[in-house]
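Just below is one structure, and these are the notes that go with it.
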There are 4 protein chains.
Amino acid sequence: MAGSVNKVILVGNLGKDPEIRQAQSGAKIVSLTLATSDTWNDKASGERREKTEWHRVVIYNERIADVAERFLRKGRKVFLEGSLQTRKWTDQSGQERYTTEVVVDRFRGDLVLLDSNRGEGEDFGGGQSASAPASRGNAGRSPATAGRPDLDDEVPF
Amino acid sequence: MAGSVNKVILVGNLGKDPEIRQAQSGAKIVSLTLATSDTWNDKASGERREKTEWHRVVIYNERIADVAERFLRKGRKVFLEGSLQTRKWTDQSGQERYTTEVVVDRFRGDLVLLDSNRGEGEDFGGGQSASAPASRGNAGRSPATAGRPDLDDEVPF
Amino acid sequence: MAGSVNKVILVGNLGKDPEIRQAQSGAKIVSLTLATSDTWNDKASGERREKTEWHRVVIYNERIADVAERFLRKGRKVFLEGSLQTRKWTDQSGQERYTTEVVVDRFRGDLVLLDSNRGEGEDFGGGQSASAPASRGNAGRSPATAGRPDLDDEVPF
Amino acid sequence: MAGSVNKVILVGNLGKDPEIRQAQSGAKIVSLTLATSDTWNDKASGERREKTEWHRVVIYNERIADVAERFLRKGRKVFLEGSLQTRKWTDQSGQERYTTEVVVDRFRGDLVLLDSNRGEGEDFGGGQSASAPASRGNAGRSPATAGRPDLDDEVPF
DNA sequence: TTTT
DNA sequence: TTTT
């Protein structure tokens, strides 16, 4: 089916430090857990309520993965753009499971750091923006995530 | 946590007619299955490949649910904006499961019809924003489905 | 023309304090000047370069205007969503001019504060999110900005 | 200034055929005029009203410029993503002027064709992302223009 | 005019 | 598990 758009835009805080792993190809893959939340006044009780949503983010884009590894830490606030992808996997009891992730790959995605470094850890000397180039090569284009055997034996979250 | 954004933007085609159900409150809830796809040239085989992503959409917003019920049909192309929500549920074997959906609720979301089935079905004489939809799909197979075999296949949910 | 989308998403810093004025109807209108920037390495000189883009934002949405008036100040970083609108006006020499603005109105737009209050001015006790409700009334809908006589004699920027 | 985002998302119809020109570097530059519109019921008169917004789009991205040149024609509906840029120029009377455009450049932007003119003109056998557009508009008036009188009017630029 |  |  042609003519489609699949875009996710998140601004949230990292729930923990990024997890770095290696694809079989040697490529770096960075996983993030990002929290967004809604707050509202409950009309019944009059109390202020909050609901946090947790997002699983997987970064295949090389340049963005580098930025994420170097500068992202638990608690940091980021703007992140990616696309939705639901991955099928088999749990230990042999049952099929599905996990939906926000994927930042070679062709789509962006990462912008929104808070300043608080003096902890490595300094990074300025703001970072690390977007995937719009110019997707038309030859040899192949989603970095097709099949993704490197992830098939990994339990999400 | 304050200061967050949780936004999904999709342009895709409905995999089947909308499902309408009623909340205990009596409110109408509309569920959609939306397909987006990526196509690329496989560098190894040189073949053209395509991967379709299926999105579960749940519309709680009253006005948008009305529009969806009246005008959306299998095969129609829509622009949809909502937010990500992962819902926990228990399957028949008692195991915890998670399902991620794109939610259009009272506060966030949009629906825009992108193809017109002019001259067929109900006319509504206006633009196709969710507040003023422009054309009515037929019941059953929309003509827009012709030529899109991927939509004739079984949808995963 | 039906079936359209007009959306702007900005994350940037206020160049100065918001300007508050009153429409003839008595409604509050808040104007912001928002800076975004791109940085890159000039391949010729090898120098780091930066280009700042200034955006004129006009907030007609009542609730968001309130939040903007109370919490936004020069330098603050915000996430802002609105729509593009180009306004025609006549300058002092009688010439027609056009100014493009990002409009946050009753039906579309969002404002999220992204940095914490730095201890200056009024405290606001938490994060603010102030989005325009998705439920645009279908009766009596009329863009707050149609004609906008209150702005016609105002020179932009 | 780091940590900023400048993003425009439009779904609209071309007001006229794309204009192609050459940069001094020899690079192809494609300009589009895109219409989006809002419709609403005027509460005073009870009449249905519509306001069309015209957007200037400039495509510097090589791959997307190619797609635009080949497949876009007056009346076609597209999804377009770019960034806002205000350009200063001097008119014939020596006065400074500003024009705001939606820019699709090397780093940011996307173009997706949303309607198909199947069976007419050049076939390209694929999906309609900018890297793999799916259908070719006719030269001259596209059939999609029929019934959309607003596109037959003079566009403002 | 912002920001880093 | 984040954040305010």
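A, B, ... follow the sequence lines: proteins, then strands. Residue 1 opens every chain.
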Any side-chain to backbone donor/acceptor pair from B:S4 onto A:S37? Under 3.5 Å, distance only. yes
Heavy atoms from C-beta onward define the side chain here; which of F:dT2, F:dT1, E:dT2 lies closest to that of A:N13? F:dT2
For atom CG of C:L113 and atom C1' of E:dT2, their distance in whole Å: 16 Å
What is the distance, to the nearest angstrom, from the CZ atom on A:R56 to the P atom on F:dT2? 17 Å
Are C:W54 and E:dT1 stacked, counting the six-membered base ring, centres under 5.5 Å, planes under 30°? yes
What is the distance, to the nearest angstrom, from the CG atom on C:L14 to the C1' atom on E:dT1? 10 Å
Can you list everything that forms a side chain to side chain contact (heavy atoms under 4.5 Å, CB included) with A:N41? Sequence neighbours excluded, please. A:R48
d(CG, A:L72; P, F:dT2) in whole Å: 16 Å
So for C:T52 and E:dT2, does any side-chain atom that can act as donor or acceptor lie under 3.5 Å from a complementary atom in the base? yes
For C:E96, which residues count as a side chain to side chain contact (heavy atoms under 4.5 Å, CB included) partner, sequence neighbours excluded? C:K88, C:Y98
Taking atom C1' of F:dT4 as reference, at what distance in whole Å does atom NZ of A:K77 sit? 9 Å
Using atom CD of C:E19 as one end and atom C1' of E:dT1 as the other, report the distance to the nearest whole Å. 11 Å
From CG of A:L114 across to P of F:dT4 the rounded distance in Å is 13 Å
Electrostatic pair A:E69-A:K28, nearest N-O below 4.0 angstrom: yes
Write down the distance between CZ (A:R76) and P (F:dT2), rounded to a whole number of angstrom. 17 Å
